[in-house]
Amino acid sequence: MQVTGTVLTTRRVDAFHALTVVAPGIAERYRPGHFVSVAVGGAHTSMVTRRAFSIHDVKPDYGGTVELVFTVRGPGTAWLAERRARDTIDLVGPLGRPFPLPRDPVHCVLVGSEYGSAVLFPVADQLIERGCRVDFVLGGASADRVFGAMRARRMAQTTTLTTEDGSLGLRGRVTDALPAVIADTRADVVYACAPMETLRAVTAVAMEFDIPVQVAVEEAMACGIGVCMTCVLPVIGDDGVTRMVRACAEGPVFRGERVRFEDVGTIPFDALGAPGGGARHAG
């Protein structure tokens with residue numbers, strides 16, 4: 001649904017911006033993994049495409065609020081970072097396919113990098129409600145780019161932090177620490193949200209341990225509703241056929257082993273309907 005939301009609060013969280021918006025209809029329908037599409041720049045802007053943001057938190061205040069966490073990357077997010085309390089923004093949501101949750105208690109490792117970690121906390125809340133064990137692996141380039149470390153420590157059995165410059169936790173990337181965490185916790189499943197190269201590496205680790213991995217991909221989404229086709233990526237279906245699917249509509253959550261990360265940004269010759277004429281993934 002499309003709503004005009006009123007900004008409730010804005011705050012800085014280290015290197016990130018957190019924006020809480022009153023959006024009752026969206027909050028009511030939200031499930032962990034959903035995202036919203038936000039119009040940026042105001043009514044008379046030349047920035048006509050929307051920006052997609054994962055939802056970090058939902059609360060019942062004022063009929064329902066959603067919190068978005070993001071970093072400034074261009075004029076659109078710069079405009080959003082300048083919003084203040086009582087400003088209004090146009091949102092469409094909740095959009096996309098949420099994370100599937102286990103029916104029975106299992107051991108879950110949640111892996112997040114930079115602001116991608118924000119989407120994992122509502123997932124963790126629901127996993128804990130279902131009796132699951134939750135362990136976090138969070139990382140970033142530097143200490144100010146690791147999101148949610150304190151909250152993770154409060155709610156998880158263990159929290160492992162990594163930074164590329166060694167300013168917090170272990171020096172390295174989340175995938176450097178992940179194998180030991182999976183082994184130590186006897187994990188049954190991995191949930192992850194991070195840049196695509198990190199998701200590719202997380203998926204490879206999970207496959208080495210022969211456990212499923214659910215990933216929320218970070219793809220540029222212009223419309224957020226499946227019309228513009230800017231966010232397509234190659235995914236292998238249950239029938240073994242590779243199809244170009246929309247991250248905003250069929251995702252953003254996919255089974256990691258089904259995403260052909262090495263071919264993201266291309267149309268593989270063996271994808272259904274591709275000029276090469278192939279239909280099946282050979283590997």
Side-chain angles (χ1 to χ4, degrees), residues 2-23 26-27 30 33-59 65-96 112-122 138-149 151 163-165 167-168 193-199 216-225 227-231 247-248 251-252 265:
Q2 184 173 7
V3 303
T4 299
T6 300
V7 175
L8 184 63
T9 62
T10 65
R11 59 192 176 99
R12 286 296 299 268
V13 184
D14 294 326
F16 308 108
H17 296 266
L19 190 71
T20 301
V21 185
V22 179
I26 294 176
Y30 164 79
H34 278 150
F35 69 95
V36 293
S37 181
V38 180
V40 298
H44 305 291
T45 182
S46 60
M47 293 185 286
V48 295
T49 59
R50 291 174 173 264
R51 306 297 190 272
F53 299 95
S54 297
I55 297 173
H56 168 235
D57 210 357
V58 170
K59 293 182 179 177
T65 66
V66 297
E67 184 177 70
L68 316 177
V69 175
F70 61 96
T71 188
V72 173
R73 286 189 168 178
T77 46
W79 177 88
L80 194 63
E82 294 170 353
R83 297 310 93 199
R84 295 296 178 261
R86 292 188 290 277
D87 287 347
T88 59
I89 59 174
D90 183 284
L91 304 92
V92 176
L95 300 172
S113 179
E114 306 255 336
Y115 63 86
S117 304
V119 72
L120 298 174
F121 290 95
L138 304 178
S142 55
D144 64 333
R145 302 197 69 84
V146 177
F147 181 82
R151 183 177 176 184
T163 48
E164 294 176 30
D165 66 359
S167 56
L168 179 66
C193 184
M196 295 297 276
E197 279 303 311
T198 302
L199 293 181
V217 301
E218 293 187 0
E219 280 287 283
M221 303 176 187
C223 74
I225 57 174
V227 175
C228 71
M229 304 296 286
T230 61
C231 64
C248 66

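Nothing here was measured: the structure is a model prediction, and the numbers come from that model.
Taking a 6.0 Å sphere around CZ of R12, one finds it holds more than 12 heavy atoms contributed by other residues, nucleotides or ligands.
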Stepwise, does the side chain to side chain contact (heavy atoms under 4.5 Å, CB included) test hold for L95 with I225? CA-CA 7 Å; L95 300 172; I225 57 174; 4.1 Å; yes
Tell me, with the steps shown, if F53 and L80 meet side chain to side chain contact (heavy atoms under 4.5 Å, CB included). CA-CA 11 Å; F53 299 95; L80 194 63; 3.6 Å; yes
Derivation of the side chain to side chain contact (heavy atoms under 4.5 Å, CB included) call for V58 and H34: CA-CA 11 Å; V58 170; H34 278 150; over 6 Å; no
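A heavy-atom distance below 4.5 Å is found between the side chains of I55 and L68.
Residues passing the salt bridge (Lys or Arg N to Asp or Glu O under 4.0 Å) test with D14: none are found, sequence neighbours excluded. For E82, the salt bridge (Lys or Arg N to Asp or Glu O under 4.0 Å) criterion is met by no residue, not counting sequence neighbours. When the side chain to side chain donor-acceptor pair (under 3.5 Å) test is applied to T198, no partner is found at least two apart in sequence or on another chain. Applying the salt bridge (Lys or Arg N to Asp or Glu O under 4.0 Å) test to D90 and every residue at least two apart in sequence or in another chain returns R50. Judged as a ring-ring contact (aromatic ring centres under 6.0 Å, His included), and not counting sequence neighbours, F35 has no contacts. Legend: residues meeting side-chain contact (heavy atoms from CB on, under 4.5 Å) with A143, ordered by chain and number and at least two apart, are S167, L168. Residues passing the side chain to side chain donor-acceptor pair (under 3.5 Å) test with T45, sequence neighbours excluded: none. Not counting sequence neighbours, the partners of S142 by the side chain to side chain donor-acceptor pair (under 3.5 Å) test are D144. With sequence neighbours left out, the side-chain contact (heavy atoms from CB on, under 4.5 Å) criterion links V13 to R11, A18, F147. With sequence neighbours excluded, no residue forms a salt bridge (Lys or Arg N to Asp or Glu O under 4.0 Å) with R84. Checked against ring-ring contact (aromatic ring centres under 6.0 Å, His included), Y30 has no partners two or more places apart in sequence or in another chain.
To the nearest 0.5 angstrom, T71 atom OG1 is 7.5 Å from E114 atom CD. Considering CZ of R145 and OH of Y115, their distance stands at 8.5 Å, rounded to 0.5 Å. We find the OG-CD distance between S113 and E164 to be 7.0 Å, quoted to the nearest 0.5 Å. Here R86 contributes atom CZ and T9 contributes atom OG1; the two are 12.0 Å apart, rounded to the nearest 0.5 Å.
What you find for L8 and A85 is that their closest heavy atoms are O-CB, 3.6 Å. The shortest heavy-atom contact between V72 and H17 is CG2-NE2, 3.6 Å. Closest approach of G96 and P252 over heavy atoms only: CA-CD, 3.9 Å. Of all the heavy atoms in V146 and G139, the pair that sits closest is CG2-C, 3.8 Å.
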Side-chain donor-acceptor pairs of residues 216-223 under 3.5 Å, sequence neighbours excluded:
none

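Test L19, V21, V7 against D87 for side chain to side chain contact (heavy atoms under 4.5 Å, CB included) and you get one pass: V7.
For the residue pair R51/T49, the side-chain donor-acceptor check at 3.5 Å is satisfied.
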